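Read through the structure below, which is laid out as structure tokens, and then see the notes.
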Amino acid sequence: FISHEGLLKSILKIKSRKFQSVIESSNVVILAQYGIPNSEAVLLGVGLQLNRQTTMFAFHRDLTATVKNEYVVLAVNHLKNKYHSDDSFRACLEEFNPFSGVTPAIKLSDYIVPEWIAESLAVENIPPEPTIIKKQKKTAKHPLYLIGAGDYARTNILPNIKKFHRKCVIDYNYEVAGRVAEKYSFDSYGIHYQSCLEEIGKDKNPVVVVAGYHATHTPIALDVLNKNPSARVFIEKPPVTTEEQLQKLLEVYNPSQIFIGYNRRHIPWVQNIKKKLGNRESPLFINMTIKEIALNPNHWYFWPNQGTRITGNLCHWVDLAVYWVDVLPTVLTLTKSAGGDDLVLTIAFEDGSLVNLFPTEAGNSLRGVQERIEIKYDDCTIWIDDFLKMIIYEGREKTVRRKILRNKGHDQMYKRFQWAVLNYKSDIYSKKDLMLSSLIYLKATEMFLKKIPKSEMNFSYYEKFLSIQ
């Protein structure tokens with residue numbers, strides 16, 4: 001891995017993974033109680049938490065119950081005994097994440113004696129204020145808000161954007177947010193982006209990077225822009241997880257304010273190929289084989305609200321196809337393997353071009369995500385081996401290019417974003433491409449979930465966007 005990613009990138013990944021493993025090793029089911037002010041009742045909450053030392057816990061509403069003061073001890077002991085004696089009860093609590101977008105299989109109130117339960121009280125839903133680490137600079141130029149501080153943010157985002165004043169970092173894991181804030185010199189940290197919306201609204205030219213759970217990307221971006229229309233917002237891939245989100249994002253999309261995080265468009269080889277394809281006379285025929293990393297079945301990529309791995313990761317190569325072919329897609333064909341989730345997605349375009357995408361977990365994982373790309377058109381064939389080697393056969397000429405280190409475009413993308421913000425420039429990503437790549441992976445996700453082998457693309461709602469670049 002070091003030989004292909006470089007020593008610095010490898011060290012960053014190792015440190016980030018060690019950091020994450022420490023956090024995740026402390027995952028524990030917590031039973032917490034909160035004394036409700038001016039009330040004779042206590043709110044109980046139970047569920048899996050990411051760190052027992054944190055001062056803030058998040059519970060799904062169905063895993064909370066309001067209990068009369070005189071029965072709190074009885075209720076707590078009853079639930080503890082239930083947890084240790086009932087395997088199904090314990091499994092439900094240990095496998096459920098409150099941010100998964102689904103309803104837990106149990107309700108806590110069903111496991112408490114009815115006479116012990118107090119009348120539910122209306123509690124105002126106010127996100128906790130960010131924790132202040134140091135005195136904030138009121139006149140900071142381009143204050144940065146990082147929403148989502150996971151492994152990707154720590155290894156790819158923060159090392160590449162260093163010229164903004166780091167004001168606030170948000171992560172659903174309060175422990176992660178606090179440690180990242182301290183390590184990367186943020187002024188404050190918190191667990192919910194809404195807690196810093198007021199500050200974003202007051203700031204001049206705030207910079208917001210959205211890199212949390214996929215289903216939250218567009219809703220957060222829209223809330224930020226609604227609060228401060230002058231904000232510059234970077235949305236990590238995938239930009240949307242539903243067609244409703246896509247329609248809302250397209251209505252406000254302006255490349256001078258919204259930046260989309262498809263890093264492969266920023267690879268120099270990819271951009272050089274794009275220039276070559278501008279003179280093609282025949283359709284394009286492209287095969288892309290992607291070695292995916294095996295994920296735990298409980299990984300958040302598989303939560304129903306995240307849109308499957310097609311939405312979460314295959315969107316990279318869908319977007320690359322849209323970038324290179326540059327005409328309207330017409331038909332999608334999806335074939336799923338009988339023994340697992342491996343698939344082949346074929347995208348047909350109106351000029352006769354065909355793109356095959358073959359993501360699979362099979363194969364050696366030593367180098368992480370790997371890709372092989374073959375492009376054929378006119379009298380030209382291009383082979384790309386994981387962006388370490390590229391061979392171009394054109395006519396009687398053969399050109400070979402090699403890289404010592406694998407370049408997936410992350411560094412260039414974030415450095416260009418930083419440059420664009422500081423120099424008041426726009427993103428290179430068009431509204432039309434946002435629409436096309438999003439519609440393809442959303443349709444492919446629907447086909448995968450509903451076992452639809454073939455589907456035609458429908459742009460009836462989106463005709464007004466087709467002429468916009």
Side-chain angles (χ1 to χ4, degrees), residues 126-149 152-154 156-172 177-178 180-212 216-237 239 245 248-261 266 411-431 434:
I126 302 176
E129 290 296 317
T131 301
I132 306 299
I133 295 179
K134 58 186 178 181
K135 186 176 180 180
Q136 300 183 27
K137 297 180 180 179
K138 298 294 184 181
T139 59
K141 189 175 183 180
H142 300 303
L144 172 66
Y145 295 82
L146 174 63
I147 302 176
Y152 179 85
R154 299 191 297 268
N156 291 298
I157 299 176
L158 290 173
N160 284 304
I161 49 175
K162 300 178 179 179
K163 296 183 179 180
F164 305 137
H165 175 74
R166 292 173 174 175
K167 189 166 184 179
C168 187
V169 56
I170 298 292
D171 195 273
Y172 288 126
V180 169
E182 184 176 354
K183 180 177 180 179
Y184 293 95
S185 300
F186 280 86
D187 292 344
S188 61
Y189 63 96
I191 64 169
H192 202 293
Y193 78 95
Q194 290 182 349
S195 65
C196 60
L197 278 179
E198 289 302 320
E199 283 298 310
I200 291 174
K202 296 174 185 176
D203 284 332
K204 183 178 181 181
N205 300 320
V207 178
V208 181
V209 177
V210 183
T216 68
H217 287 179
T218 283
I220 291 174
L222 295 177
D223 281 351
V224 166
L225 291 170
N226 183 56
K227 202 68 177 180
N228 191 332
S230 71
R232 312 292 288 278
V233 182
F234 187 99
I235 307 177
E236 249 305 325
K237 66 82 190 170
Q245 288 184 2
K248 290 180 178 179
L249 184 59
L250 287 172
E251 291 293 343
V252 302
Y253 183 74
N254 181 340
S256 66
Q257 283 190 286
I258 301 175
F259 296 73
I260 304 298
H266 296 264
D411 295 349
Q412 291 94 331
M413 177 177 69
Y414 282 106
K415 287 176 180 176
R416 191 200 179 278
F417 168 62
Q418 179 176 255
W419 171 85
V421 170
L422 295 175
N423 293 277
Y424 301 96
K425 302 295 183 180
S426 298
D427 192 10
I428 61 174
Y429 202 74
S430 72
K431 179 178 286 191
L434 170 63

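These figures come from a predicted structure and were not determined experimentally. Worth knowing before you read on, the calculation uses all heavy atoms, side chains too, and leaves out hydrogens, waters and symmetry mates.
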Considering all heavy atoms of both residues, which atom of A177 and which atom of G190 are nearest to each other, and what is their separation?
CB-O, 3.6 Å

With heavy-atom distances below 4.5 Å as the criterion, would you say the side chains of Y253 and D427 are in contact?
yes

NE2 of H142 to NZ of K167, rounded to nearest 0.5 Å, is 14.0 Å

Atom pair CZ (R416) and CD1 (I428), whose distance is rounded to the nearest 0.5 Å:
6.0 Å

Nearest 0.5 angstrom please: Y145 OH to D203 CG, how far?
3.5 Å

Between F164 and V209, is a side chain to side chain contact (heavy atoms under 4.5 Å, CB included) present by the stated rule, with each step listed?
CA-CA 12 Å; F164 305 137; V209 177; over 6 Å; no

Straight-line distance of K227 NZ to E199 CD, nearest 0.5 Å:
11.0 Å

Can you see whether E236 engages Y152 through a side-chain donor-acceptor pair at a distance of less than 3.5 angstrom?
yes

What's the separation between atom CG in N228 and atom CG in L197, rounded to the nearest 0.5 Å?
10.0 Å

Please list, chain by chain and in numerical order, all residues satisfying ring-ring contact (aromatic ring centres under 6.0 Å, His included) with F417, sequence neighbours excluded.
F234, F259

Give the minimum heavy-atom separation between K248 and L222, together with the two atoms involved.
CB-CD1, 3.8 Å

Just so I know, are the side chains of P255 and K431 near enough to count as touching, which here means a heavy-atom distance under 4.5 Å?
no

Between R166 and L146, is any pair of side-chain heavy atoms under 4.5 Å apart?
no

By side chain to side chain donor-acceptor pair (under 3.5 Å) - contacts of Q418 (at least two apart):
none

Verify, without hydrogens or angle tests, whether H192 (side chain) and Y172 (backbone) share a donor-acceptor contact under 3.5 angstrom.
no

pair V169-Y184: side-chain heavy atoms closer than 4.5 Å
no

How close do I191 and I170 get, counting heavy atoms only, and between which atoms?
C-CG2, 3.8 Å

Side chain to side chain, D171 and V180, heavy atoms closer than 4.5 Å:
no

Go through it in stages, so that I can follow the logic: the residues are I235 and L249, the test is side chain to side chain contact (heavy atoms under 4.5 Å, CB included), and I'd like the CA-CA distance, side-chain angles, deciding distance and then a yes or no.
CA-CA 11 Å; I235 307 177; L249 184 59; 4.1 Å; yes

To the nearest 0.5 Å, tell me how far I147 CD1 sits from I200 CD1.
5.5 Å

If you look at every heavy atom in V224 and A231, which pair is closest and at what distance?
CG1-CB, 3.9 Å

Any side-chain heavy-atom pair from I258 and V252 closer than 4.5 angstrom?
yes

Taking every heavy atom of P159 against every heavy atom of A153, the minimum-distance pair comes out as CD-O, 4.1 Å

Backbone of S426 reached by a side-chain donor or acceptor of S256 within 3.5 Å
no

Could you check M413 against N160 for side chain to side chain contact (heavy atoms under 4.5 Å, CB included), going step by step and ending with a plain yes or no?
CA-CA 9 Å; M413 177 177 69; N160 284 304; over 6 Å; no

Taking the side chain as every heavy atom from C-beta outward, state whether R232 and Y424 have any atom pair closer than 4.5 Å.
yes

Can you confirm whether K204 sits close enough to K141 that some side-chain heavy atom of one is under 4.5 Å from a side-chain heavy atom of the other?
no

